[in-house]
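Let me begin by presenting the structure, written as structure tokens, before commenting on it.
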Number of protein chains: 2
Amino acid sequence: MDADRCLKMLKALSDETRLKIFEMLKGGKLCACKILEGLNITQPTLSHHMKILCDCGLADAERDWKWTHYSINKDALKALTDWLNGENEGKI
Amino acid sequence: MDADRCLKMLKALSDETRLKIFEMLKGGKLCACKILEGLNITQPTLSHHMKILCDCGLADAERDWKWTHYSINKDALKALTDWLNGENEGKI
DNA sequence: TTATAGTATTGACAAATATCTATCTGATGA
DNA sequence: TCATCAGATAGATATTTGTCAATACTATAA
């Protein structure tokens, strides 16, 4: 885990809508359509946000038939918080 | 610690310059002029960034004669990482 | 009071970005 | 093959924000 990766994750979390999505996903895996229900944004906007969350590694996407299920990548999250807390040793 | 406060902290950390400052301060308390030395920005820009870091609670400012010393507020940092990790119980 | 020095504020501007509409893609089922 | 549907991409726009130069503030020292 380096500062660049950390910065990317922090940028991903530093938007109100994406932080809301993050909170929703903390409760467990969710389909894109379910996430969309809880937010006042359009589908392309959600798609854009999910890409940012996935690209930085904080979220994982899993296609199941026609739906995409998203979940938090707990290892990435832990790497981020460890880095912030100064426990910069190894991993990810 | 609520999501709003968390969002403010994440926004504060989601800028490359401020994350560098954060890293510097993780090594210990620093004078503004020392921070400035390690960054290619002007003094007003640093002042602007320090205000953001202090306003969200992640950094503390301490005036000593004519110099201002900045440090990380470890309680605030822990509250942030706890919140991200889902340990949302109480405090700050 | 006046000069000096470290830090903060203001105002302007350019770059980044969150959002939308419109459209595309890819897979399924008739 | 064609229609349908979930999700992705493209292009445009408005807002946010990082930066600077200029200036103000505040405390000290002469």
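In what follows, chains are A, B, ... by sequence order, proteins preceding strands, each numbered from 1.
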Rounded distance in Å - CG (A:D64) to C1' (C:dG26):
15 Å
Counting side-chain heavy atoms from C-beta on, which of C:dT7, D:dA8, D:dC20 comes nearest to A:S47?
D:dA8
Quickly work out the A:K8 NZ to C:dT17 P distance and round it to whole Å.
12 Å
Does B:R18 put a side-chain nitrogen or oxygen below 4.0 Å from OP1 or OP2 of D:dG18?
yes
Just how far, in rounded Å, is C1' of C:dT19 from CG of A:L36?
13 Å
Just how far is it from atom CD of B:E16 to atom CG of A:L10, taken to the nearest 0.5 Å?
12.0 Å
Nucleotide nearest B:K51 (side chain, heavy atoms from C-beta), chosen from C:dT21, D:dC20, C:dT9:
C:dT9
Residue pair A:W67/A:T45 against DNA chain D: nearer the 5' end by closest nucleotide is A:W67
Under 4.0 Å, heavy atoms only, any strand: does B:T68 hit a base, just the sugar-phosphate, or nothing?
sugar-phosphate
Is the closest side-chain donor-acceptor distance between B:D60 and B:S71 under 3.5 Å?
no
What integer distance in Å separates B:E62:CD from C:dT7:P?
13 Å
Might you work through the side-chain contact (heavy atoms from CB on, under 4.5 Å) test for A:K11 and A:L7, ending with a clear yes or no?
CA-CA 6 Å; A:K11 276 179 190 276; A:L7 180 61; 4.0 Å; yes
So which nucleotide from D:dA8, D:dC20, C:dT19 ends up closest to the side chain of B:T42?
D:dC20
Using whole Å, what does the distance between atom P of nucleotide C:dA5 and atom CZ of B:R63 come to?
16 Å
Comparing A:I52 with B:L46, nearest DNA chain C nucleotide closer to 5' gives the residue B:L46
Among C:dT19, D:dC20, C:dT7, which nucleotide has an atom closest to any side-chain atom of B:I41?
D:dC20
Expressed as a whole number of angstroms, how long is the span from A:L7:CG to D:dG18:C1'?
13 Å
Per the atom types in the model, does the base of D:dA6 pair as donor or acceptor with the side chain of A:Q43 at under 3.5 Å?
no
A:I72 and side-chain contact (heavy atoms from CB on, under 4.5 Å): which single residue from A:L53, A:L77, A:L58, A:I21 fits?
A:L77
Select one nucleotide: of C:dG6, D:dG7, C:dA18, the one nearest the side-chain heavy atoms of B:K66.
C:dG6
Among D:dA29, D:dA6, C:dA8, the one nearest any side-chain atom of B:W65 is D:dA29
Taking only the side-chain heavy atoms of A:K11 (C-beta and beyond), determine which of D:dT9, C:dC20, C:dT17 contains the nearest atom.
C:dT17
Whole angstrom value for the distance that separates C1' of C:dT19 from CE of A:M50
17 Å
Identify which nucleotide among C:dC20, D:dA8, D:dG18 has an atom closest to any side-chain atom of A:Y70, counting heavy atoms from C-beta outward.
D:dA8
With no hydrogens and no angle check, just 3.5 Å: does a side-chain donor-acceptor pair link B:S14 and A:S14?
yes
If the threshold is 4.0 Å, N to carboxylate O, is there a salt bridge linking A:E23 and A:K26?
no
Rounded to whole Å, how long is the line connecting atom CG of B:N40 with atom P of D:dT19?
11 Å
